[in-house]
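Here's the structure, in structure tokens; my notes come after.
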Amino acid sequence: MEDKKRIQVNFRLDKNLFAAIQAKCKADNITQTDFIIQALKKALSSNTSTVESIPEVLSSLYVRLAQVETRLADNLAIQQRLSERLTALEQQPNTSPPNLEALSERVLAQLHLGKQAPGYKAAKKALSNFIAQLSQK
């Protein structure tokens, strides 16, 4: 590689990382030293490119911020409309109560259980208790 005098550096690596380095070096037919030097140079050079790309990153962030602000405004408008609809619904006079017994029968039919099934009987009892609770209010 270079004819410059090199110094020896000792450090510890995770076994899996070292095995990955060895496999990569064998596949690329390079020494581990050359591989690590290339990786370190690449890591060090990426810092300068990061500094150079700050204006690009800021520009991208401004665009994304504008998108978030637009979405936020849209969501606030939706929330306002929903709030108005809720207020309007709360002010409507209460119509006649639904036929809870018929509703209970429809729910039980959707369970697709025979009338003798324990699950059917438990559901029917729970629905009957629920309707009784509603009727007390």
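The structure presented is a predicted model; accordingly, all values stated were derived computationally and were not measured.
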* Do Leu44 and Val9 sit in the same hydrophobic cluster, where Ile, Leu, Val, Met, Phe, Trp and Tyr count as joined when their side-chain heavy atoms come under 4.5 Å apart? -> no
Tightest non-hydrogen contact, residues Thr33 and Arg6, listed as CG2-NH1, 3.5 Å
Worksheet item: Judged by atom type as modelled, is there a donor-acceptor pair below 3.5 Å linking the side chain of Thr87 to the main-chain atoms of Ser83?
Response: yes
Tightest non-hydrogen contact, residues Gln38 and Ile30, listed as OE1-CD1, 4.2 Å
Note to self: Membership question, hydrophobic clusters at under 4.5 Å side-chain separation (ILVMFWY): are Val68 and Leu61 in the same one?
What the structure shows: no
Hydrophobic clustering (ILVMFWY, side-chain heavy atoms < 4.5 Å, transitive) - are Leu72 and Leu65 grouped together?
no
For this session: Decide whether Phe11 and Ile37 are clustered together by the hydrophobic rule: side chain heavy atoms of Ile, Leu, Val, Met, Phe, Trp, Tyr closer than 4.5 Å, transitively.
Result: no
Output for pair (Leu82 CG, Ile78 CD1), nearest 0.5 Å, gives 7.5 Å
So salt bridge (Lys or Arg N to Asp or Glu O under 4.0 Å) across residues 59-82, not counting sequence neighbours, yields none
Of all heavy-atom pairs linking Cys25 and Thr31, the shortest is SG-O, 3.7 Å
Here the gap from Leu111 atom CG to Leu127 atom CG, rounded to the nearest 0.5 Å, amounts to 8.0 Å
In this structure, CG of Asp14 is separated from CD1 of Ile21 (nearest 0.5 Å) by 9.5 Å
Rounding to 0.5 Å, atoms NZ (Lys121) and NZ (Lys125) come to a distance of 12.0 Å
Using a cut-off of 6.0 Å, state whether more than 12 heavy atoms not belonging to Gln79 lie near its atom CD. no
So CG of Asn99 and OG of Ser104: to nearest 0.5 Å the spacing works out to 10.0 Å
Value for NZ (Lys124) from NZ (Lys115), rounded to nearest 0.5 Å, stands at 7.0 Å
Verify the cluster assignment for Val63 and Val57: are they in a single hydrophobic cluster under the rule of side-chain heavy atoms below 4.5 Å apart? no
Heavy-atom closest pair (Glu105 atom, Tyr120 atom, distance to 0.1 Å) is OE1-OH, 4.1 Å
>> Using a 3.5 Å distance criterion without hydrogens, assess whether the side chain of Ser60 forms a donor-acceptor pair with backbone atoms of Glu56.
In response: no
